[in-house]
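Inspection log for the structure reproduced underneath, given as structure tokens.
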Amino acid sequence: MEKTDIIIVGSGIAALQLAHRLQDQFYVMIITKDEIESGNSYLAQGGIAAPIGLKDSVHAHMKDTLEAGCYHQLEDRVKELIEDGKRIVESLVNEGAPFDRKEDGSLSLGMEGAHSEHRILHSGGDQTGKFLMNHLLKSLSKEKVQFVEREMVYELVKNDKGHCCGVKTKDKDDAIRFYYAPHIVLATGGIGGLYPSTSNHPSVTGDGMALAFLAGAKLSDMEFIQFHPTLLWSEGKTCGLISEAVRGEGAILLNDEGKRIMEGIDPLMELAPRHIVAECIYKERRKGRNVYLDINSIEDFQGKFPSISALCSKHHISIEAGRIPVSPGCHFMMGGIVTDRVGRTNIPGLYAIGEVACSGIHGANRLASNSLLEGLVYGERLGEYLIESGVRSTVLIHSPFDRIVEGEPLSIPFHADELKEGMMKHVGIIRKEEGLSAHLKWLKEQPLTFQEHIDFNSREEIHLYFMWIVSLLVTESALFRTESRGGHIRADFPKEDNAGWLKRKMVLQKNEGRLRVDDHEQNETKIYA
Ligand code: SIN
């Protein structure tokens, strides 16, 4: 393949769906810093939510999504997500995507937290992401879609009109390459790797958000981070996800005294919205007690959850004993790069889809199993937009030796673990001003600035630099929002403050090397050092 029309950075479900939609018309290049199999979509155990059950409706799914997101969403975008999602899922079913079925051949629809209906489609039990990714990968043309693996995009290139028109990458040996195209799409996922406890692949550290911010894109809702209640806890650390579908099948949460910890917390008990369950487990564990998922009521656990069973066995947790030790961990970023309904950012030629984007659908907390849905819907919608706008190019891919040195290489003075521990301790499940300010102070003490061009010695340093940027944006945002809402819980402001904060957003942008924060609701702009 000699030319490329569209470069997609990242290789999850949104990226593959976009490539699938575009391949008849365009040449597509997908650049990923690891291998296709190592992203978050591959790990997704939970399924795809869609209102396709007989008793279900778009309205009911929409209501659950809005409620889980604490009404911080754009309602018309939520409606479109669910309407389009339903149509896409139905067409996947019709084209034979491998969704699990009951003995009578009908689709098996699961239940998860904060859903009022059975509407979760799964594949291979708890391997939905992997099955769906493989289904999409098989549909891609080798002539029209090129994969560039193990190259990390470290800078977005803009032309003299300010249009995004390329990317600079480093391969695993730190060799530099440039690629150009008229459309650059970020689909790099979230920020789980910024925390020591996460369900995400450790390489998912917010690269797309940092790249976009440095290029001048707007970001918002960065304080809203979902902590999944149930990660497997073994040997003093979290080590992989125990899907919410396990609670959907009837598992209950007990402490080591045998008390059902969700009693008196929420009428939905274990199936309450994730932030409520995560906070409850976190508080219980802070009292020095362990928390377990009691799975005794689930028949054929191994058959229903093969990859969770394998995970438990790898960590010497016996499924037969009926108790899986759990602890919460960072799972999903609701905020990100501000986009319109098709994925356009404020920079011409630059788009964002999937978890890296903040398109107004998740609000303060994402509803379970709405994320693969988001990837499918926004991948398709951006595809349609690009086909309609019909821009083509004959840009040649530049030589791998296109090296330009743009300044003195900087080095990073901290270790990733230091930053991650600070994030977990101060910008984790429960936050307060004192801790947030302490972490911000630590971040600001680092001799780093927002750079136009990146010139670090190694990929490892670029990773750390990007983590520093995203950590700073999250911490500043968490300090601004003096209320608790969804995935942002402040011990010092424990209530939702609808009068002061409902739908109010902070928009963050780089401004001449400094951080600019716009509060459109209050008509206020602040520039920070
Ligand atoms: C889960 O299986 O619990 C995670 C799925 C999701 O986050 O939607």
Side-chain angles (χ1 to χ4, degrees), residues 12-14 39-50 61 64-65 68-69 81-82 85 89 99-100 108-115 118-133 189-192 197-201 204 224-233 238-251 253 268 270-278 281 293 295 298 301 304-312 324 326-334 354-355 361-377 486-487:
I13 201 91
N40 271 349
S41 295
Y42 247 88
L43 293 176
Q45 297 174 355
I48 308 178
H61 189 171
D64 295 346
T65 302
L81 168 80
I82 293 162
V89 166
F99 292 119
D100 295 343
S108 158
L109 297 176
M111 174 60 102
E112 283 181 3
H115 285 274
H118 283 73
R119 62 167 75 98
I120 321 295
L121 290 101
H122 287 98
S123 280
D126 53 7
Q127 305 170 82
T128 315
K130 181 173 154 194
F131 276 50
L132 205 60
M133 291 283 288
I191 65 159
S197 290
T198 179
S199 61
N200 290 190
H201 191 275
V204 180
F224 293 121
I225 297 173
Q226 182 178 90
F227 283 79
H228 196 289
T230 56
L231 268 54
L232 178 64
W233 180 257
T238 53
C239 29
L241 183 68
I242 307 293
S243 173
E244 188 152 319
V246 172
R247 277 173 283 136
E249 281 289 312
L253 287 162
L268 291 172
E270 282 78 7
L271 293 179
R274 282 188 184 159
H275 61 284
I276 297 173
V277 185
I281 298 177
L293 269 172
I295 57 168
I298 304 178
F301 187 90
K304 285 182 178 138
F305 301 109
S307 55
I308 295 175
S309 302
L311 180 73
C312 288
I324 304 177
V326 289
S327 176
C330 181
H331 185 58
F332 191 86
M333 171 49 128
M334 274 70 73
E355 189 175 347
I361 54 177
H362 299 307
N365 201 4
R366 173 178 65 78
L367 183 67
S369 286
N370 267 358
S371 70
L372 290 177
L373 189 76
E374 171 184 22
L376 290 173
V377 168

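Indexing begins at 1, ligand by ligand and atom by atom, following the structure's order.
Interface of R366 with ligand 1, defined as ligand atoms under 4.0 Å from a residue heavy atom, comprises 6 (C), 7 (O), 8 (O). Using a 4.0 Å cut-off to heavy atoms of A368, the atoms of ligand 1 that qualify are 8 (O).
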Show me, pair by pair, the donor-acceptor contacts under 3.5 angstrom made by side chains of residues 370-377, not counting sequence neighbours?
unit_1 : atom_1 : unit_2 : atom_2 : d
N370   : OD1    : H61    : NE2    : 3.0
N370   : ND2    : T65    : OG1    : 3.2
E374   : OE1    : H362   : NE2    : 2.7

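The N/O atoms of Q226, backbone and side chain alike, include none that comes under 3.5 Å of an N/O atom in ligand 1. Looking at ligand 1, you'll find an N or O of H228 within less than 3.5 Å of one of its N or O atoms.
Among residues two or more places apart in sequence or in another chain, the salt bridge (charged side-chain N to carboxylate O under 4.0 Å, His left out) test is passed with E355 by none.
For R247, no heavy-atom contact with ligand 1 is shorter than 4.0 Å.
Panel note: side chain E270, backbone R247; no donor-acceptor pair is recorded below 3.5 Å. Of the possible polar contacts, none joining the S199 side chain to the G240 backbone as a donor-acceptor pair under 3.5 Å is found.
Of all heavy-atom pairs between T230 and I242, the closest is OG1-O, 2.7 Å.
In this structure, atom 8 (O) of ligand 1 lies nearest to the protein heavy atom S369 N, 2.6 Å. Shortest contact from atom 2 (O) of ligand 1 to any protein heavy atom: S243 OG, 2.6 Å.
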Tell me, with the steps shown, if D126 and S307 meet side chain to side chain donor-acceptor pair (under 3.5 Å).
CA-CA 6 Å; D126 53 7; S307 55; 2.7 Å; yes

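Around atom 4 (C) of ligand 1, the closest heavy atom drawn from R274, E112, E244 belongs to R274.
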